[in-house]
Amino acid sequence: MSDSETGFGKGCHLHLIDGSAYIFRAYHALPPLTRKSDGLPVGAVAGFCNMLWRYLGENGNSSDAPTHAAVIFDYSSKTFRNDIYDLYKANRPELPEDLRPQFPLTRDATRAFNLSCIEVQDYEADDIIATLARQAREAGGRVTIISSDKDLMQLVGGGVEMLDAMKNKRIGIDEVIEKFGVAPDRVVDVQALAGDSVDNIPGAPGIGVKTAALLINEYGDLDSLLARAEEIKQPKRRQTLIDHADQIRMSRRLVLLDENTPLDFTLNDLEVRDPDPTALVDFLNQMEFRTLTRRVADRFGTEAPALPDPAPATAPSQDSTPDMPEFSAAQYDCVRDLDTLNIWIDRIRERGYVAVDTETTSLDEMRAELVGISLCVDAGHAAYIPLAHRAGGDDLFGASALLDGQIPLEQALRALQPVLEDPAILKIGQNMKYDAKIFANLGVTVTPIDDTMLLSYALHGGLHGHGMDQLSDRYLNHQPIPIKSLLGSGKSAITFDMVGIDDATRYAAEDADITLRLWQMFKPRLHAAQVTRVYETLDRPLVPVLAQMERHGVKVDRDVLSRMSNAFAQKMAALESEIHELAGESFNVGSPKQLGEILFDKMSLQGGKKGKTGAYATGADVLEDLAAEGHDLPARVLDWRQLSKLKSTYTDALQDHIHPDTGRVHTSYVITGAVTGRLASTDPNLQNIPIRSEEGRRIRTAFVADQGNKLVALDYSQIELRILAHIAGIDSLKSAFRDGHDIHAMTASEMFGVPLDQMTPDVRRQAKAINFGVIYGISGFGLARNLRIPRAQAQAFIDTYFQRFPGIRAYMDDTVEFAKKHGRVETLFGRRIHTPEINTKGPGAGFAKRAAINAPIQGTAADIIRRAMVRLPDALAGLPARMLMQVHDELVFEVPEDSVDETINRVRAVMEAAAEPLVRLDVPLVVDAGIGDNWAQAH
DNA sequence: GGTCTCACG
DNA sequence: GACGTACGTGAGACCG
């Protein structure tokens, strides 16, 4: 070796890269990528190149940059160790078929990066590394071995260090001692005793690393130990060492690296050279690695060569299900280090899209903690990144300790953030609003997105639900792992952070895999189903809008609710004793069954009707009838029920929903919650806060504006009737709306021939009921019940109505006809609502008809407010107004006092013009506004 | 878990 | 001619 002043020596720094380890890691971490032009498998080469590129980037400008470097490979799987022990590494799985042809390409890649590429027949890469490390050490230089292979740890010390590139962790003497319990020079002794199942090194049966280290530390080294084996106290251990001494010695020969591998070059030949940009770009281009080629070309300022156009990102064809691998053959990786994560990130960038799923500790996004993230870019190959899994409960202290082998959450997040926020990379999820909120909590804005739940909603609204399990079963014929199987259910249920990482990987990666497959299937179908616009303008854009509303929440005054709860409790107690007295016995007023028996059996009141379950009906309508006949008990029960409802559902339950940190209530809107296009609000439902009764309405006073702010509520006036007038083309209704007339009074006047100036409240009330009935698909029975009039009279009203407004009848008939023919109806904006029951016979037929009649009206109104909501963030830009709630035809905002007027002006303008320009309604949309310190005032 | 009841638009 | 029915939701309580 050259010790001359010009050659390798003191001050020099040699990097030895374990190339074979790189290749296997790249292969197993990446989907089976092939070269577009000829199908040559190149996935491992791609990963390998990415790693080398990153290696150069990290070391190029570092003050600790290597002066010399080499990439070392295994020549073949057969080495001199097979002559020592024919079973050495005999349990290794067969080399994958598509990996072997990539071996020569990785050598080419190394040379293209202008790195020395080294392999020696009959020797392992580890022997070459050992030899070069020894030479460098003896020459007085430093060595960094880039590998995490424990078999190389025997080389550490005397200026030799290892670098675990995955964990970006240096391995020095201390780390080796931590791992093996002995210094590097005794590592082979420990390994010889402990053996190694991966390399099929027998060692001493029953002795592991811990015991081996104990023994070596006690006896000094392996030879001394074996020589003095008789002295070992434990009989079994003593016998093992005596019986297997030869096997142990052989094991040591297997693990001991050969520091004298014959080499036909010197360290001086390994001097670092800059890559030749042209050669490198040429090679990458040949491999057809688009992203990396461009990146390298950019870096060196060379022209990226022209490449043929890639296949479109959305490869699946229009009319056929894309070929997908079987789920049984799917590969789900667990990503435990940054290097592997970066491989996935590169893969995502290469593709331009990725299916993402988060696993958390709660379904409530405001309380949920991120536990892990899964990714998928190719059907059948997904990854799970565990981040916050914790030890199970057995260990007294372990319960809160993070498990090892997880990338620190913050690091993983910062690595993923550029991808999640990259406008050129599509993030695909199932119910992305959930995941987007989880990421938003961590400061990451996920955009742009696609959502398989919303795709299904646009495509299949009315046909079935859009949960992932359901979609997977129906469209992929695959039943995903039930979450219950991991978490259990009921009281003993655990949170996801307590799930083992292996189980979690299978579950979470599968979810991302399923999501990607559903997306590949659904996305190309939007056009054929003519719902692209619905999805892209009405549904998908709502995700960020709702996410922000939900995260912001609405301030709720706990004291107001608490005081009301107490008041309700007192009143209920008084009513309860009164009711028991009237009944002559004590019973559970809240039990419809017991109440029915009291009313109709014990008290023998008339009108007792049993439903299909054999229980008496005791609904409000029944009790009201009885009360009207002068019975006190049902009247008291009605009062009690109202209070009970208000207390349990609102004043009590709402308090539990006040977030401890924000002091606000954060609902969750379900975009696919109603088939018509309406939203649904859950946990809690803020769309059914009382208003009709005076007592209930007071609950709204607990919904307050923050200091210095006002609540502003804007709602569409009569929007569904206006839409009906437009769709059915009723001229008289349209002109009444245009002229701003009282629509119910006008209807009454038309129907009953009463002049407007002589209109009575009662006649108007009846007309109003008819107007609403029409929207719901009117029936004589329903109207009769609603108005409490004889059915014949109700039917007469309806007949008159249809005579006066024949367009309504025509609309209803046409709509049902359309539904029967196409199995669906549509809103003015093209939303399709399927009506699979429309052709069934029997009692269901009436239901389906009325639903079909109602859906285009309710749905069009829902579409309109969706359009307004999507436009509002831009329209309110620069204003401090916050949108808080949506209640079907109403939007509620929180606004600093001095911005109230401007906010109302802008919101009203957006809401009133929300149908345009796509639809020009023949009637104006009118929006009423209210302002207050609380929601009751604002309405 | 199904049924009943009731809160909203 | 009889049969049940207003449309769309979510949640709490009861009960088997």
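Reminder, nothing fancy here: chain letters follow the sequence lines and each chain counts from 1.
- Distance check: Y650(A) OH to R700(A) CZ gives 9.0 Å after rounding to the nearest 0.5 Å.
- Counting non-hydrogen atoms under 4.0 angstrom, I775(A) reaches nothing in the nucleic acid.
- If you check residues 847-871 of chain A against DNA chain C, the residues with a heavy atom closer than 4.0 Å are F847(A), R850(A), A851(A), N854(A), Q858(A), listed by number.
- For the atom pair E890(A) CD and Y716(A) OH, the distance stands at 12.5 Å (nearest 0.5 Å).
- Residues passing the salt bridge (charged side-chain N to carboxylate O under 4.0 Å, His left out) test with D539(A), sequence neighbours excluded: R831(A), R866(A).
- Between the CD atom of Q795(A) and the C1' atom of dG4(C) there is a distance of 14 Å, given to the nearest Å.
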Check against side-chain contact (heavy atoms from CB on, under 4.5 Å), D625(A) and R788(A): CA-CA 10 Å; D625(A) 287 347; R788(A) 302 179 171 280; 2.7 Å; yes
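- Ion pairing of D639(A) with K571(A) is absent here, as no side-chain N (NZ or NE/NH1/NH2) approaches a carboxylate O to less than 4.0 Å.
- If you check every strand for non-hydrogen atoms under 4.0 Å, L783(A) touches a base.
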Nucleotides 10-16 of chain C: protein proximity per nucleotide (B base, S sugar-phosphate only, - neither; heavy atom, under 4.0 Å): BBSSSSS
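- Going from the P atom of dC6(B) to that of dA6(C) covers 14 Å, rounded to whole Å.
- Reading DNA chain B from its 5' end, the first and the last nucleotide to sit under 4.0 Å from a heavy atom of chain A are dT3(B) to dG9(B).
- Within the 4.0 angstrom heavy-atom criterion, base atoms lie near A769(A).
- Using modelled atom types, no side-chain atom of R540(A) and backbone atom of D451(A) make a donor-acceptor pair closer than 3.5 Å.
- When the options R664(A), K555(A), R882(A) are evaluated for a side chain to side chain donor-acceptor pair (under 3.5 Å) with E894(A), the one that passes is R664(A).
- The shortest side-chain heavy-atom distance between I579(A) and L633(A) falls under the 4.5 Å cut-off.
- In this structure, N786(A) reaches the bases: a heavy-atom distance under 4.0 Å links it to at least one base atom across the strands shown.
- Residue-level contact check: E890(A) touches neither bases nor backbone, having no heavy atom under 4.0 Å from any strand.
- Using modelled atom types and a 3.5 Å distance limit, the side chains of Y616(A) and D601(A) yield a donor-acceptor pair.
- For S668(A), the side-chain contact (heavy atoms from CB on, under 4.5 Å) criterion is met by E365(A), K433(A), E550(A), T682(A), not counting sequence neighbours.
- Within the 6.0 Å centre-distance limit, the rings of F805(A) and Y801(A) are counted as a close aromatic pair.
- Using a 4.5 Å cut-off on side-chain heavy atoms (C-beta onward), H659(A) and R367(A) make contact.
- With a 3.5 Å limit on both pairing distances and Watson-Crick or G-U wobble geometry required, the stems of 3 or more pairs in DNA chain C span B:1-9 with C:7-15.
- Counting any heavy atom pair closer than 4.0 Å across all strands shown, R692(A) reaches a base atom.
- Side-chain contact annotation: N934(A) with T701(A), donor-acceptor N/O pair under 3.5 Å absent.
- dT5(B) sits 22 Å from dC3(C) when the P atoms are compared, rounded to a whole Å.
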